[in-house]
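Let me give you the structure first, and then I'll get to my questions.
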Amino acid sequence: MTDSKSTSRPNKRLLYRRDLLRFGAGAIAGAGAVALGRSPQKSSQAETQLADSRSFDVEGDRSLGARAAAKGILYGAAVRRSNLFEDTAFAARFVQECRMLVPERAMKWQALRPSLDKFDFEGADQLVDFATQHDLKLRGHTLVWHQSLPDWFAEQVTRQNAEQVLVNHIQTVAGHYAGKMQSWDVVNEAIQPKEGKPDGFRNSPWLQLLGQDYVELAFRVAAEADPDAMLLYNDYSLDYDTAEDETKRNAVLRLLERLKSRGVPVHALGLQAHLDGEESRQFNPVQMQRFLREVADLGLKIFVTELDVKDQRLPANIEQRDRIVAAAYEDYLTAVLAEPAVTAVLTWGLSDRYSWLSDVRPRDDGLPIRPLPLDADLQPKLAWNAIARVFDQAAQR
Ligand code: XIL
């Protein structure tokens, strides 16, 4: 798989890599400026050329899953049931590229809980069976979250029964899949400092019902129900060199420190990594690596759990847009995989044919978005090359 637009010779590649870590963000900003209608002259021409000249050449035709596995890294993607069972071409590509599957919706409360006293595992079980048939590892997502709660939740869950409802849910769901899951996102998005609560906690229904202890409780119950699964705390906005992300990184780190110091069975941090091609100029690899080292020093592993790159505000021109998206993937993964504690990478979807961002972040110009490794025809894009290159260059785990 080669990038036909590349003009750089292979022996120049290392030089580019190093330069791009320093200048990549500026280069991306330069390309973005054109699309945003800002004056392109504001960014230096040299920076723009640097973005254009980055090589995304890849050797061989092995899948992302195989390249990652060769380094002891798990690669996989989130998927909706309908995409696998109603689109055989997509399902075939999924199995080719991925070594791990995470249900995008099927294991959320809304999907599993028709009522307070019922569980419906039918849809999720189909995904588990698919994964088992195709030798894919499984991640569960997610046992505790403030979103995707069923309609009955607000009415029927009270301070009196909340603890029992939470414990019952985790025991039943993690118990149902015990022994089959590589990992679980036990608690999702519990931190949101801008909401002004103590310790940066999000003002979620769970905080309101149970106070901060719900996090610890959830991990302890999950560990009892499925002692073999790795248990993750998963969150977003941990990526950029902005005051907001820095505050959030610090609050997440403090939460993890507290959990570890209390002997809570938390095994890894999940970085959702919903990146933004337009914001990638704010990525600071040194700062990110420092954060990841602090997490790893607590004895935790790190997974990139929901990687994708928003192209909503990038140029309409597909070639330009794909380059910026691929550069964002490459810069991020290069920095993050330099930390040996990072042992899994999952994209939130595999092909532009199916991305949650089509609903959440559509483009103003109405053009289809292109945030994932494969295009809507299931063909690899430069983003695929970028990910493949980073796996190929990563150190062995
Ligand atoms: C999103 C799914 O992609 C959508 O299909 C669904 O409707 C809403 O949830 N962070 C998470 C994921 O942890 O569960 C979210 O997934 C995306 C943001």
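Position 1 is the first residue of the sequence; numbering continues from there. Order of appearance sets the numbers: ligands from 1, and atoms from 1 within every ligand.
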Any protein N or O within less than 3.5 Å of an N or O in ligand 1? List each pair with its distance, or say none.
from	atom 1	to	atom 2	distance (Å)
ligand 1	3 (O)	E104	OE2	2.6
ligand 1	3 (O)	W348	NE1	2.9
ligand 1	5 (O)	E104	OE2	2.9
ligand 1	5 (O)	R105	NE	2.8
ligand 1	5 (O)	R105	NH2	3.1
ligand 1	9 (O)	K108	NZ	3.0
ligand 1	10 (N)	E189	OE2	3.3
ligand 1	10 (N)	Q272	OE1	3.3
ligand 1	10 (N)	E306	OE1	3.0
ligand 1	13 (O)	H141	NE2	3.3
ligand 1	13 (O)	N188	ND2	2.9
ligand 1	13 (O)	Q272	NE2	3.3
ligand 1	13 (O)	E306	OE1	3.3
ligand 1	13 (O)	E306	OE2	2.8
ligand 1	14 (O)	K108	NZ	2.7
ligand 1	14 (O)	H141	NE2	2.6
ligand 1	16 (O)	K108	NZ	3.2
ligand 1	16 (O)	W348	NE1	3.3

- Task: Could you label the plane-to-plane angle of the H141 and W145 rings as parallel, tilted or perpendicular, counting under 30° as parallel and over 60° as perpendicular?
- Result: tilted

Tell me if the NZ atom of K71 is crowded by more than 12 foreign heavy atoms within 6.0 Å. yes

So ring-ring contact (aromatic ring centres under 6.0 Å, His included) across residues 302-346, not counting sequence neighbours, yields F283-Y332

**Salt bridge flag under 4.0 Å for residues E330 and R54** = yes

Salt bridge (charged side-chain N to carboxylate O under 4.0 Å, His left out) with R321: of D311, D352, D375, D365, only one passes, and it is D311

Practice problem: Please work out which of the three classes, parallel, tilted or perpendicular, describes the rings of F90 and Y354, given edges at 30° and 60°. | Solution: perpendicular

